[in-house]
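Written out below as structure tokens is the structure these notes cover.
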Amino acid sequence: VQLQASGGGLVQAGGSLRLSCAASGRTYSSYVMGWFRQAPGKEREFVAAISSSGGGTYYADSVKGRFTISRDNAKNTVYLQMNSLKPEDTAVYYCAAAARFSWNAGSSYHTTSYWYDYWGQGTLVTVSS
């Protein structure tokens with residue numbers, strides 16, 4: 001599976017952006033998909049995850065209520081709608097695909113980068129104050 005993230009950019013605090021992650025590969029629709037981010041000088045952190053069907057979602061507390069993850073399996077694409085952006089959301093955002101666990105494995109898997117097998121190249125989001 002190859003992943004291509006896009007949609008990053010510069011936005012003012014309070015604004016919105018939608019990130020997209022296009023996937024190649026026949027088995028994309030069977031994977032749990034996630035978004036992670038890494039700010040300068042910080043470790044990569046979990047943002048959101050979505051089940052293979054799209055029926056299950058999970059969010060980091062820091063983005064809950066502001067970000068929405070979704071997927072369109074017909075288009076092999078996962079999205080991250082980001083609203084009410086804050087300067088602390090500034091980071092490189094990565095999409096990732098997990099082949100080794102199912103959604104029912106639980107949040108300890110959803111939120112841990114180790115369990116994701118495929119990674120996109122990252123897209124930079126900068127939120128100005």
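The hydrophobic cluster containing Val32 does not contain Tyr118, counting ILVMFWY residues as joined when their side-chain heavy atoms lie under 4.5 angstrom apart, directly or transitively. Under the 4.5 Å side-chain contact rule for hydrophobic residues, Val92 and Met82 do not share a cluster. Under a hydrophobic clustering in which Ile, Leu, Val, Met, Phe, Trp and Tyr are joined whenever their side-chain heavy atoms come within less than 4.5 Å, directly or via other members, Val47 and Leu17 fall into the same cluster.
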Output side-chain donor-acceptor pairs under 3.5 Å for residues 120-129, partner residues at least two apart or in another chain, one line each.
residue	atom	partner	partner atom	Å
Gln121	OE1	Ala5	N	3.2
Gln121	NE2	Ala5	O	2.8
Thr123	OG1	Gly8	N	3.0

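Thr111 places no side-chain N or O within donor-acceptor distance of the main-chain N or O of Phe46, the cut-off being under 3.5 Å.
Sorted pairs that involve residues 96-129 and meet disulfide (SG to SG under 2.5 Å), not counting sequence neighbours, are lacking altogether. A side chain to side chain donor-acceptor pair (under 3.5 Å) check over residues 27-36, counting only residues at least two apart or in different chains, returns the pairs Thr27-Tyr31. Applying the disulfide (SG to SG under 2.5 Å) test to pairs two or more places apart or on separate chains, none has a residue in residues 27-87. Residue pairs meeting the disulfide (SG to SG under 2.5 Å) criterion with at least one partner in residues 32-62, sequence neighbours excluded, are absent. Note on residues 90-129: pairs passing disulfide (SG to SG under 2.5 Å), not counting sequence neighbours, are Cys21-Cys95. Evaluation of the side chain to side chain donor-acceptor pair (under 3.5 Å) test over residues 73-88, restricted to residues two or more places apart or in two chains, returns Ser16-Asn83, Arg71-Asn73, Gln81-Asn83.
With sequence neighbours excluded, the residues forming a side chain to side chain donor-acceptor pair (under 3.5 Å) with Arg66 are Asp89, listed by chain and number. Partners of Tyr109 under the ring-ring contact (aromatic ring centres under 6.0 Å, His included) rule, at least two apart in sequence or in another chain, are Phe101, Trp115. Evaluation of the ring-ring contact (aromatic ring centres under 6.0 Å, His included) rule for Tyr94 yields no partner, not counting sequence neighbours. Partners of Tyr93 by side chain to side chain donor-acceptor pair (under 3.5 Å), not counting sequence neighbours, listed by chain and number: Arg37. Legend: residues meeting side-chain contact (heavy atoms from CB on, under 4.5 Å) with Lys64, ordered by chain and number and at least two apart, are Tyr59, Asp61.
In this structure the side chain of Trp119 never reaches within 4.5 angstrom of the side chain of Gln2, judged on heavy atoms. Contact annotation: the side chain of Trp103 never approaches that of Ser53 to less than 4.5 Å [non-hydrogen atoms, C-beta and beyond]. Contact annotation: the side chain of Met33 approaches that of Leu3 to within less than 4.5 Å [non-hydrogen atoms, C-beta and beyond].
The shortest non-hydrogen separation linking Tyr116 to Gly34 is CE2-N, 3.6 Å.
Going from atom OG of Ser20 over to atom CZ of Arg18 covers 5.0 Å, rounded to the nearest 0.5 Å.
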